[in-house]
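Heads up, the thing below is written out as structure tokens.
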Amino acid sequence: MNARLAALALVAPLFGATQCKQSTAPATGTRTYRMGFAATPPRLEIASVLETIDTWRPRSDAALLALNPPWKAMLADTNPAVIVKRDQVELVKLYRSRGLTIVAMIDPTDGLARDKEAPELVAAGRSIREPAIQAMFREYAIAVDSMLHPDYLALAMETNLIRAAASSSVYDALKVMTASTAAALTARQTPATLYVSVQVETAWGRLPSTGQFMGIDADLRDFPFIRALGLSSYPFLGGFTEPEQVPLDYFGRLARASRLPVLVVEGGWSSGSVPGVVSSPERQARWISREFQLLDDAKAVGMFQITFTDLDLSSYQVPSGSILPLFAQLGLVDVNFQAKPALAEWDRGFTRRLLK
């Protein structure tokens with residue numbers, strides 16, 4: 001999919017109208033957080049990517065870049081700068097032309113199985129424990145930073161869940177790799193705010209279930225270079241059955257512990273039932289409304305979902321046993337861009353005046 005995004009600047013002007021108009025009555029008050037999505041489309045087609053961006057752009061003031069290191073290409077000796085130029089530069093130019101803040105996150109392990117390393121590394125019999133692989137990651141991060149100039153840049157995702165699920169040797173390698181990368185970026189005087197993300201349900205002892213609040217002290221200690229904290233939150237997977245059950249300080253407790261700006265960089269609530277979870281479009285809409293309350297309590301600086309639309313899984317290569325179906329109905333619109341009730345809640349929140 002990423003390679004196809006390079007064509008965006010050439011054809012984006014063809015897509016000027018959105019199917020989901022903002023018709024919600026404006027909300028009163030203000031917000032401290034920018035809002036946005038990634039370009040993830042319902043189907044792996046260039047027209048679908050373009051329609052996705054064009055539909056969420058009027059209801060966003062920031063854009064999310066959800067990046068996986070191109071391990072296979074780098075192992076084949078492709079320069080990371082070549083890949084970034086091909087796959088991301090034109091997309092970011094499009095975002096910048098629309099005045100969007102750029103929040104990037106690089107995920108070096110397996111985002112759908114935190115006990116494992118990235119599938120391309122596993123397939124090649126390689127590991128981030130190797131200095132050579134760590135050097136590749138560092139070079140890729142430098143290319144992302146120097147060519148895309150993101151405002152925020154994450155060097156690892158859901159670090160507490162990796163610590164809980166993966167081997168200690170992989171987690172230790174992640175600490176070493178991100179520290180050396182942060183040092184290299186700092187030496188180059190990056191203007192980006194460096195961060196990692198933590199999994200909120202894991203911090204609260206709900207995923208995996210520990211029966212007690214776990215906090216994020218270890219993450220703050222193990223990744224001392226961060227100047228912001230990303231949050232990943234899927235409360236419906238953490239045992240909550242109703243959005244109103246989520247504590248008001250669910251994000252704020254972590255924000256106050258970190259004493260750092262926080263931004264929700266991924267999350268959501270399924271609009272449909274999935275294995276072990278009963279849900280509905282109405283529950284999803286109530287979660288968006290509740291999430292605004294949590295963000296206000298945390299005085300957050302960002303609110304993002306990776307997916308604006310649902311995912312047509314028949315268009316994706318879903319390996320057997322993958323948990324991707326759990327996330328297929330997180331969109332605020334369905335695979336045909338038809339609005340769900342949650343979209344009106346998002347739009348209502350977006351109309352609040354952004355405090356600069």
Side-chain angles (χ1 to χ4, degrees), residues 18 20-39 53 55-66 95-96 98-105 150-154 192-193 195 197-198 200 226-235 243-244 246-269 283-309 330-333 339-356:
T18 60
C20 301
K21 306 259 184 218
Q22 289 176 282
S23 57
T24 305
T28 58
T30 59
R31 56 184 167 96
T32 58
Y33 36 90
R34 294 186 177 275
M35 299 167 60
F37 304 89
I53 295 172
T55 308
W56 63 245
R57 182 186 55 77
R59 45 183 50 91
S60 302
D61 40 37
L64 181 68
L65 297 177
Y95 289 156
R96 292 291 189 192
R98 306 298 171 88
L100 301 177
T101 295
I102 306 298
V103 173
M105 54 187 195
D151 299 281
Y152 291 82
L153 177 58
T193 299
Y195 72 102
S197 79
V198 295
V200 178
I226 64 173
R227 296 297 176 264
L229 182 69
L231 302 180
S232 164
S233 182
Y234 301 92
E244 294 76 19
V246 181
L248 184 62
D249 66 345
Y250 199 54
F251 299 159
R253 187 172 179 180
L254 304 183
R256 288 182 279 277
S258 72
R259 299 183 180 180
L260 294 170
V262 297
L263 55 164
V264 174
V265 290
E266 62 171 303
W269 194 293
R283 274 192 179 92
Q284 182 192 39
R286 284 165 38 219
W287 164 245
I288 296 296
S289 179
R290 183 64 169 170
E291 187 173 15
F292 284 126
Q293 297 174 341
L294 273 52
L295 290 159
D296 291 339
D297 176 69
K299 296 181 173 58
V301 298
M303 176 188 187
F304 295 89
Q305 287 199 182
I306 293 177
T307 51
F308 173 70
T309 76
L330 296 179
L332 307 187
V333 301
K340 302 182 195 176
L343 183 64
E345 294 300 325
W346 176 281
D347 287 348
R348 184 175 292 108
F350 183 69
T351 63
R352 294 164 61 184
R353 181 171 60 87
L354 175 65
L355 297 175
K356 302 293 186 180

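Remember, it's a predicted structure, so these values are computed and weren't measured experimentally.
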Next item on the list: Might you work through the salt bridge (charged side-chain N to carboxylate O under 4.0 Å, His left out) test for Arg256 and Asp297, ending with a clear yes or no?
Entry: CA-CA 10 Å; Arg256 288 182 279 277; Asp297 176 69; 3.0 Å; yes

Side-chain contact, heavy-atom cut-off 4.5 Å: [X] with [Y]?
{"X": "Pro235", "Y": "Tyr250", "answer": "yes"}
{"X": "Tyr152", "Y": "Ile102", "answer": "no"}
{"X": "Thr351", "Y": "Asp347", "answer": "no"}
{"X": "Phe251", "Y": "Val264", "answer": "yes"}
{"X": "Gln284", "Y": "Lys340", "answer": "yes"}
{"X": "Val265", "Y": "Val103", "answer": "yes"}
{"X": "Ile288", "Y": "Leu332", "answer": "yes"}

Item checked: From CA spacing to verdict: ring-ring contact (aromatic ring centres under 6.0 Å, His included), Phe308, Trp346 -> CA-CA 11 Å; Phe308 173 70; Trp346 176 281; 8.0 Å; no

How long is the gap from [atom1] on [X] to [atom2] on [Y], to the nearest 0.5 Å?
{"X": "Leu260", "Y": "Leu254", "atom1": "CG", "atom2": "CG", "answer": "11.5 Å"}
{"X": "Ile53", "Y": "Arg57", "atom1": "CD1", "atom2": "CZ", "answer": "10.5 Å"}
{"X": "Glu291", "Y": "Ser233", "atom1": "CD", "atom2": "OG", "answer": "7.0 Å"}
{"X": "Leu231", "Y": "Tyr195", "atom1": "CG", "atom2": "OH", "answer": "10.0 Å"}
{"X": "Thr307", "Y": "Leu64", "atom1": "OG1", "atom2": "CG", "answer": "10.5 Å"}
{"X": "Lys299", "Y": "Leu355", "atom1": "NZ", "atom2": "CG", "answer": "11.0 Å"}

Next item on the list: Flag the pair Arg290 and Glu244 as a salt bridge only when some basic side-chain nitrogen lies within less than 4.0 angstrom of an acidic carboxylate oxygen.
Entry: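 No, Arg290 and Glu244 are not salt-bridged.
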
Check: With the threshold set at 4.0 Å, does a side-chain nitrogen-carboxylate oxygen contact exist between Asp151 and Arg96?
Finding: yes

Next item on the list: Please step through side-chain contact (heavy atoms from CB on, under 4.5 Å) for the pair Asp61 and Arg31, ending with a clear verdict.
Entry: CA-CA 12 Å; Asp61 40 37; Arg31 56 184 167 96; 2.8 Å; yes

Which atom of [X] lies closest to which atom of [Y], heavy atoms considered:
{"X": "Ala192", "Y": "Pro150", "result": "CB-O, 3.3 Å"}
{"X": "Ala339", "Y": "Val333", "result": "CA-CG1, 3.9 Å"}
{"X": "Leu330", "Y": "Gly268", "result": "CD2-C, 3.8 Å"}
{"X": "Ala300", "Y": "Thr32", "result": "O-OG1, 2.5 Å"}
{"X": "Ala298", "Y": "Ala255", "result": "O-CB, 3.9 Å"}
{"X": "Gly267", "Y": "Tyr234", "result": "CA-CE2, 3.3 Å"}

Notebook entry, point to check: Going through the checks in order, is the side-chain hydrogen bond (donor to acceptor under 3.5 Å, both in side chains) test met by Tyr33 and Asp296?
Noted result: CA-CA 9 Å; Tyr33 36 90; Asp296 291 339; 3.0 Å; yes

Note to self: For Arg34 and Thr101, which I'm curious about, is there any donor-acceptor pair between the side chains at under 3.5 Å?
What the structure shows: yes

Next item on the list: With side-chain contact (heavy atoms from CB on, under 4.5 Å) as the test, would you mind laying out the steps for Leu354 and Met35 before giving the verdict?
Entry: CA-CA 10 Å; Leu354 175 65; Met35 299 167 60; over 6 Å; no

Next item on the list: Determine, stepwise, if the pair Arg259 / Leu229 fulfils side-chain contact (heavy atoms from CB on, under 4.5 Å).
Entry: CA-CA 9 Å; Arg259 299 183 180 180; Leu229 182 69; over 6 Å; no

Next item on the list: Starting from the C-alpha separation in whole Å, work towards a yes-or-no answer on side-chain contact (heavy atoms from CB on, under 4.5 Å) for Phe292 and Met303.
Entry: CA-CA 9 Å; Phe292 284 126; Met303 176 188 187; 3.4 Å; yes

Check: Looking at Phe304 versus Trp56, is the centre-to-centre ring distance below 6.0 Å?
Finding: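 Ring centroids of Phe304 and Trp56 are no less than 6.0 Å from each other.
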
